[in-house]
Amino acid sequence: MAEPITLADDGSLVVPDEPIVPFIEGDGTGIDIWPAARSVLDAAAARRGRRIGWTEVLAGEKAYRETGDWLPTETVDAFRRYRVGIKGPLTTPVGGGIRSLNVALRQVLDLYVCLRPVRWFRGVPSPVRHPEKVDMVVFRENTEDVYAGFELAQGSPEAKKLIEYLTDELGWEVRPDSGIGLKPVSVTGSKRLQRAALDYAIARGRRSVTLVHKGNIMKFTEGAFKRWGYELVVEEFAERAVSWDDCGGDPGDRVLVKDVIADAFLQQILTRPDEYDVIATTNLNGDYVSDALAAQVGGIGIAPGANVNNVTGHGVFEATHGTAPRYAGLDKVNPGSLILSGVLMFEHLGWHDAAADIVGALEATIDAGIVTYDFARLMDEATEVKTSEFAAAIVDRL
């Protein structure tokens, strides 16, 4: 019988053999990729003597059609109560009160870590010469920066009033015909993200954590993010991690902590990606970086994503791509992103054996040339299959 996931006194998840897991099918191609992903997740769990008590909740277009609400309270309550859930891609409503359904879920549940592992799977076509050198895990701060910022429209009375204040009180020179945006970056938000990245690197035996920032220009937001990261190393991780400046680049058996300017990082992930391991960065940088890295290993269609709170144990795992409505219902698109997000969900639950099974089976399927159209068109010899057939091929190789 399915049971809820709970939290132990020590902060760890208590996961039954059949946990209740809410899911959102997703808009557009969600109707294709969710059944495919679910079939793989169910088969992998069963192989290890487990089951998943799926329960559907609504968000996006389906929710709006049935309830008149893009993100019903019942959906948020289900993710909060059951702690762990998974979702397909969601449409961002136009003209509505929600900037983004994805962002809204992250903020309401305080899912402050956006976790994006990026690695190459053997056989996947790539635009770079050595995609196998890319093996990074991006920790993107999920609740601050411009995504939680405030904007005032150019020409509005509010913008005019703020510009006058900035000019009169602070001596700032702002063009009077400007739109205005506010970018909050806090000590609290930065350090808890960096703490999660360091904990992950230590637990997984990773070599380094790199703080990616634009602190040379935004000194009191992104520059502070960098400074707070180094402070955290000294305050909480001195025996397990060390900064570059304090060890001259030779950390011994500790995790090396370093930093790099964001634009230089985007260059170096092409020229020498094997120098980077775990990445900790602010929200907007993390958006750019994770998609750029995904392009190097085959595209966002096979890039997984997790949104987690390491304190409460809550996690929402999601396809990282859009809804692609013109392909909806065609049984055509790659379900890899959602399948691999399910892998991250299994790892979050502690089901590492089932997670590893899926990764091995997916890689074996692609290496055999059995792929969906997005990869088939880039490969010299491939067997193009439907979404459902790709999932079935993975299940066959579990």
Apply side chain to side chain contact (heavy atoms under 4.5 Å, CB included) to residues R80 and V108 and explain how you reach the verdict.
CA-CA 9 Å; R80 184 179 285 117; V108 168; 3.5 Å; yes

Any Lys/Arg nitrogen of [X] or [Y] sitting under 4.0 Å from an Asp/Glu carboxylate oxygen of the other?
X	Y	answer
R207	D274	no
D291	R116	yes
R119	E363	yes
K191	E236	no
D367	R397	no
D77	R81	no
D277	K258	no

What about [X] and [Y], same hydrophobic cluster or not, with Ile/Leu/Val/Met/Phe/Trp/Tyr joined at side-chain heavy-atom distances under 4.5 Å?
X	Y	answer
V278	W244	no
V76	V84	no
V257	I261	no
F23	L58	no
V371	I300	no

Are [X] and [Y] close enough that some pair of their side-chain heavy atoms sits under 4.5 Å apart?
X	Y	answer
E173	T167	no
F79	I24	yes
D259	Y230	yes
E318	S341	no
L7	L13	yes
V311	Y112	yes
I33	P89	yes
N283	V146	no

Backbone N/O of [Y] and side chain of [X]: donor-acceptor pair under 3.5 Å:
X	Y	result
E141	T143	yes
T210	Y276	no
T221	V185	no
N309	H314	no
S12	A8	no
D27	T91	yes
E222	N285	no
Q296	V128	no
R51	A2	no
D331	S388	yes

How about [atom1] on [X], more than 12 heavy atoms from neighbouring residues, nucleotides or ligands closer than 6.0 Å, or not?
X	atom1	answer
Y373	OH	yes
K183	NZ	yes
D10	CG	yes
W54	CH2	yes
E66	CD	yes

How close do [X] and [Y] get, heavy atom to heavy atom, and via which atoms?
X	Y	value
V209	A280	CG1-CB, 4.3 Å
I31	A328	CD1-C, 4.3 Å
A44	I358	CB-CG1, 3.5 Å
I20	T55	CG2-CG2, 3.8 Å
A262	V212	CA-CG1, 3.8 Å
T29	A324	CG2-O, 3.3 Å

Step by step, would you call V297 with F121 a side chain to side chain contact (heavy atoms under 4.5 Å, CB included)?
CA-CA 8 Å; V297 296; F121 291 93; over 6 Å; no

Nearest-0.5 Å distance that lies between atom [atom1] in [X] and atom [atom2] in [Y]:
X	Y	atom1	atom2	result
L270	L293	CG	CG	8.5 Å
K62	E25	NZ	CD	4.5 Å
E384	K332	CD	NZ	5.5 Å
L338	D32	CG	CG	11.5 Å
I279	F265	CD1	CZ	4.0 Å
D357	W351	CG	CH2	12.5 Å

Side chain to side chain contact (heavy atoms under 4.5 Å, CB included) assessment of N307 paired with C114
CA-CA 5 Å; N307 304 282; C114 179; 3.9 Å; yes

Are F375 and F390 an aromatic pair, judged by ring center distance below 6.0 Å?
no

Kindly indicate whether a cation-pi arrangement holds for R140 with Y147, taking the cut-offs as under 6.0 Å to the six-membered ring centre and within 45° of the axis.
yes

Please say whether the positively charged group of K214, taken as NZ for Lys or CZ for Arg, lies over the ring of F225, i.e. under 6.0 angstrom from the six-membered ring centre and within 45 degrees of the axis.
no

Partner of L71 under side chain to side chain contact (heavy atoms under 4.5 Å, CB included), picked from T75, T73, T67, is T75

Start with the C-alpha gap between L105 and K87, add the side-chain angles, then the distance that decides, and say whether side chain to side chain contact (heavy atoms under 4.5 Å, CB included) holds.
CA-CA 11 Å; L105 270 174; K87 55 177 283 297; 4.0 Å; yes

Check the pair D374, T372 against side chain to side chain donor-acceptor pair (under 3.5 Å), reporting the backbone distance first and the verdict last.
CA-CA 6 Å; D374 54 324; T372 48; 2.6 Å; yes

Please step through salt bridge (Lys or Arg N to Asp or Glu O under 4.0 Å) for the pair R254 and D246, ending with a clear verdict.
CA-CA 12 Å; R254 292 182 287 180; D246 288 338; over 6 Å; no

